[in-house]
Amino acid sequence: SELPKSYDPRDVEPRWLEFWLSHDLFHADARAPKAPFSITLPPPNVTGSLHIGHALGTTLQDILIRWRRMQGFNALYMPGTDHAGIATQMLVERALQRDEGKTRHDLGRDAFLARVWAWKETYGDRIISQLKRIGASLDWERARFTMDEGSSEAVREAFVSLYEQGLIYRAHRLINWCTDCFTAVSDLEVDTVEEPGHLWEIHYPVVGEPERTLTVATTRPETMLGDTAVAVFPGDPRHGDLVGKRVRLPLTDREIPIVADDILVDPEFGSGAVKVTPGHDENDFECGQRHGLEMLSVIDVHGKMCDPAPEKYRGMTTAEARAAVLTDLEAGGFLGDTKDHVVPRGRCGRSNTIIEPLLSDQWFVRARPLAEPAIAAVKSKKTELFPPTFEKTYLHWMENIRDWCISRQLWWGHRIPAWHCQACGEITVARTDPSACESCGEARLVQDEDVLDTWFSSALWPMSTLGWPEKTTDLKAFYPNSVLVTGHDIIFFWVARMMMMGLHFMGKVPFRAVYFTPIVTDENGDKMSKVKGNVIDPLDVIAGASREKLIARAEENGAPPVAKKNIEKYFPDGMPPAGADALRFSLAALTTPSRTMRLAMDRVEGYRHFINKLWNASRFALMNLDGFDPDRFAEVIAGGLPRGGSHPFSLPDRWIFSRLAQVAGEVHDALSGYRFADAAGALYHFVWDELCDWYIELAKPALRADGGDFDAEARRFSTQGTLATVLELSLRLLHPFIPFVSEEIWHKLPRPKALPESLVVTLYPQPEATWIDAEAVQKMQLVMD
RNA sequence: AGGUGCGUAGCUCAGUGGGAGAGCACUACCUUGACACGGUAGGGGUCGGCGGUUCAAUCCCGCCCGCACCUACCA
């Protein structure tokens, strides 16, 4: 059957996907007597849809998995999705507001959660089907969810035992509060950006010295209402004598002490005196602890001024209060110079709202004891990081780690397994819901309202997906994972925390290696974002999209007008359908040890051409393999390539076999070192520059020799065999990169009967030592020169 | 402020202590029985700048300039 003149992936790819799934080729049995190789898919957000970053990570993971599977490993590619606490809850809340004009509080906790679960059922599997579309050979029957029963049990076990070990505690502390998300967030979720602002000087009258004031400088004058001290540098001649005295806090009726603090105060900066607001500033909080200062909260969870602030200002937003305070200070003659000043400001990584540091009761993980083994494991290469430069990043963060605030004032997530006694106030933390306070025996218990940070369950993911805390066969077989493939943007959020939890609970690292993929950017080098409208949807690359469709999608996502211009500039004719294979090969070929990757569409087109080239080389082979017996040929070369005799292998035959063996070695070495671009490049150049440009051209005369002549027949046989065999083996080598087209061609090619039903489970070619033929390579080089 | 990375052909990017590369784009020719999603031949780069080490530097070291990212408690 002759192949069409050019390759069209559109009907081919879905067909093979169906074949693989229906033949159960991706399932890993933990009891199989094979060496394990395991990768866990970083669980995508349950409400998410596939973006190019997923496509990259998944492609690289799948290349490794398919490669090892073909090598005979018991390869497990573990799928699952993440409940993504804040993100999902906000999405559902927005829909609720839009469609019914209601808030979650209108529904109540249980009814709202029912809505979220319903949402999850409706949209939760979208990304799963998209992952299938790009060929990810995940073991779907194992698919997990971070809030399923098993994961919830793991979360509970981890929380309770960490609490029992004193590694989780509850404390009244200064935390990062997002007034928009209405929850505490961890340090990692706060983005500090420098913004233009002002530095105001305020004169605080010194008590008992009518003529004297102490001048402080601040970028947030409204917080002065919560000041509980002024700090000066010890021994500063300007105001050293004031330590121990008091100032009167303007606009209030309070007097506050003057303290000496060499950590908070830099004598070189401003007036050398600092107002201290322990309730709303991290540094001031620590200073307050050092001096036993009172801690006042004058800003509430809504971001408005509240009670200890004078009545006049209560209910104002911080911005309103700032204006009012400045006006009043000015009127009272307390205001000094004002200067422009760049201020670092914390913004919520999700809502971009200004983060208010507030005093609050929250749960924390004591991080330092958990970090120690995680540091040692990387230093000793129990877990190896690729590219190695990320070791520094990892170690620096780990060595300076701070406690992790894990409680969130949300509803969607793992409820904290802690019960507050209504009688004595003590807290009971337990593996099973308690019926009585473990301190006083009281039966009236109320469970903590808060849920855990999404990343808490993610931190347990490599264990919980394999059955932990049960001691399962899966856990024994597939933990530690062989490698984690993820973006370096979540090295702290996720990688570091999996290391800590894995080492703590399993006593072993969660994965033997981490490969950090580049972050995909657009043509301008900007990180892709829906808001910016510069997102490339991998499904558009695969299936094609008109310019109009691309623009419509960007507008749907609320992208700015510039997005439309960029689409018109970079995609005037839309995107041609490239197919999943071309996308996969491009992503692999572009993956170098760099922090970012620009997905250049002309590269994708180039690799689409490559696939077409492979297709046509195969087409040529099929047109010239009439009467070829692959089993007989396999016998002939079983003990190496015969020289002379009744099967004369020509110089090009010996050369291409030799090159194939060498390339198999190169691919093996490259993939072993996570050098995806090198592996893809070696295959690209072998197929195009050597197999197509030279071998096929040189084979033509032998293939077309007329029958009758014994020598011609023999040459024809060995040429057919070489062509068919080298092509067949090339398809195997290529399969992890381009699974669909390789499978399609492979099934049309004559091949030995003993081979399996699918390339997925066919042995990956090894660098066959008996095929290496230095003399042939050298002579062919002369021919080519 | 500190840290990390980057700066190589028009564009996007590999790479190495001794010969400077790939894809796309560009030029000329070629509708050749696998493929015009192709073939053949070609043009194009003081490898950011200045010093240093070396017999030899695009590569190693120092400084400078530009860009990106990360971390951070300077009021």
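In the text below, chain A, chain B and the rest are named by the order of the sequence lines, each starting its count at 1. Values reported hereafter were calculated over all heavy atoms of this structure, with side chains retained and with hydrogens, waters and symmetry mates removed.
Among the atoms of the strands shown, only primed sugar atoms or phosphate atoms (P, OP1, OP2) are found under 4.0 Å from some heavy atom of D693(A). Within the 4.0 angstrom heavy-atom criterion, no nucleotide atom of any strand lies near H488(A). Using a 4.0 Å heavy-atom criterion, one finds that L264(A) contacts the bases of the nucleic acid, with or without backbone contacts as well. Across all strands, A677(A) comes closer than 4.0 Å to no nucleic acid atom at all (heavy-atom distances). Using a 4.0 Å heavy-atom cutoff across all strands shown, R608(A) reaches at least one base atom of the nucleic acid. Within the 4.0 angstrom heavy-atom criterion, no nucleotide atom of any strand lies near V276(A). Using a 4.0 Å heavy-atom distance criterion, T393(A) is classed as making no nucleic acid contact. Using a 4.0 Å heavy-atom distance criterion, R402(A) is classed as a sugar-phosphate-only contact. Residue E697(A) is classed as a base contact, given a heavy-atom separation below 4.0 Å to a base. As judged by a 4.0 angstrom heavy-atom cut-off over every strand, G346(A) is placed among residues making no nucleic acid contact.
In RNA chain B, the stems built from three or more successive Watson-Crick or G-U pairs (distances below 3.5 Å) are B:1-7 with B:65-71, B:10-13 with B:21-24, B:26-30 with B:38-42, B:48-52 with B:60-64.
Among rG39(B), rA72(B), rU4(B), the nucleotide with an atom closest to any side-chain atom of T192(A) is rA72(B). Taking only side-chain atoms of N612(A), from C-beta outward, the nucleotide of rU4(B), rC35(B), rA34(B) with the closest atom is rC35(B). Closest to the side chain of A217(A), out of rA34(B), rC37(B), rA75(B), is rA75(B). With rC37(B), rC35(B), rC13(B) as the choices, the nucleotide that has an atom nearest any side-chain atom of T592(A) turns out to be rC13(B). Considering only side-chain atoms of V274(A), the nucleotide from rG5(B), rC13(B), rA75(B) that sits closest is rA75(B).
For the salt bridge (Lys or Arg N to Asp or Glu O under 4.0 Å) with R347(A), the lone residue among E189(A), E195(A), E356(A) that qualifies is E195(A).
Sorted by first and then second residue, the pairs that involve residues 591-613 of chain A and meet ring-ring contact (aromatic ring centres under 6.0 Å, His included), not counting sequence neighbours, are F585(A)-Y607(A), F585(A)-F610(A), Y607(A)-Y684(A), F610(A)-Y684(A).
Other residues, nucleotides and ligands place more than 12 heavy atoms under 6.0 Å from the NE2 atom of H747(A). The neighbour count for K339(A) NZ, taken as heavy atoms of other residues, nucleotides or ligands under 6.0 Å away, does not exceed 12. The environment of R238(A) atom CZ is dense: over 12 non-hydrogen atoms of other residues, nucleotides or ligands sit within 6.0 angstrom.
One N or O donor and one acceptor, one from the side chain of K700(A) and one from the base of rA34(B), sit under 3.5 Å apart.
Put simply, CD on E282(A) is 14 Å from P on rA75(B), counting in whole angstrom units.
R751(A) meets the salt bridge (Lys or Arg N to Asp or Glu O under 4.0 Å) test with no other residue; sequence neighbours excluded.
Between D403(A) and R173(A) there is a salt bridge, since a side-chain N of the basic residue sits under 4.0 Å from a carboxylate O of the acidic one.
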I'd like a table of atom pairs between the protein and nucleotides 41-45 of chain B - only N or O on both sides, under 3.5 Å - with the distance next to each one.
none

Check: protein-nucleotides 23-27 of chain B nitrogen or oxygen pairs below 3.5 Å:
{"unit_1": "rC24(B)", "atom_1": "O2'", "unit_2": "D602(A)", "atom_2": "OD2", "d": "3.3"}

If you look only at distance, which donor and acceptor atoms sit under 3.5 Å apart when one is on a side chain in residues 273-288 of chain A and the other is two or more places apart or in another chain?
{"unit_1": "K275(A)", "atom_1": "NZ", "unit_2": "T223(A)", "atom_2": "OG1", "d": "2.7"}
{"unit_1": "K275(A)", "atom_1": "NZ", "unit_2": "D227(A)", "atom_2": "OD1", "d": "3.0"}
{"unit_1": "K275(A)", "atom_1": "NZ", "unit_2": "T277(A)", "atom_2": "OG1", "d": "3.0"}
{"unit_1": "T277(A)", "atom_1": "OG1", "unit_2": "D227(A)", "atom_2": "OD1", "d": "2.7"}
{"unit_1": "H280(A)", "atom_1": "ND1", "unit_2": "P357(A)", "atom_2": "O", "d": "3.1"}
{"unit_1": "H280(A)", "atom_1": "NE2", "unit_2": "V298(A)", "atom_2": "N", "d": "2.9"}
{"unit_1": "H280(A)", "atom_1": "NE2", "unit_2": "I299(A)", "atom_2": "N", "d": "3.2"}
{"unit_1": "D281(A)", "atom_1": "OD1", "unit_2": "N283(A)", "atom_2": "N", "d": "2.9"}
{"unit_1": "D281(A)", "atom_1": "OD1", "unit_2": "D284(A)", "atom_2": "N", "d": "3.1"}
{"unit_1": "E282(A)", "atom_1": "OE2", "unit_2": "R402(A)", "atom_2": "NH2", "d": "3.2"}
{"unit_1": "D284(A)", "atom_1": "OD2", "unit_2": "T277(A)", "atom_2": "N", "d": "2.7"}

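Taking atom P in both rU71(B) and rU54(B), the straight-line distance is 42 Å, to the nearest Å.
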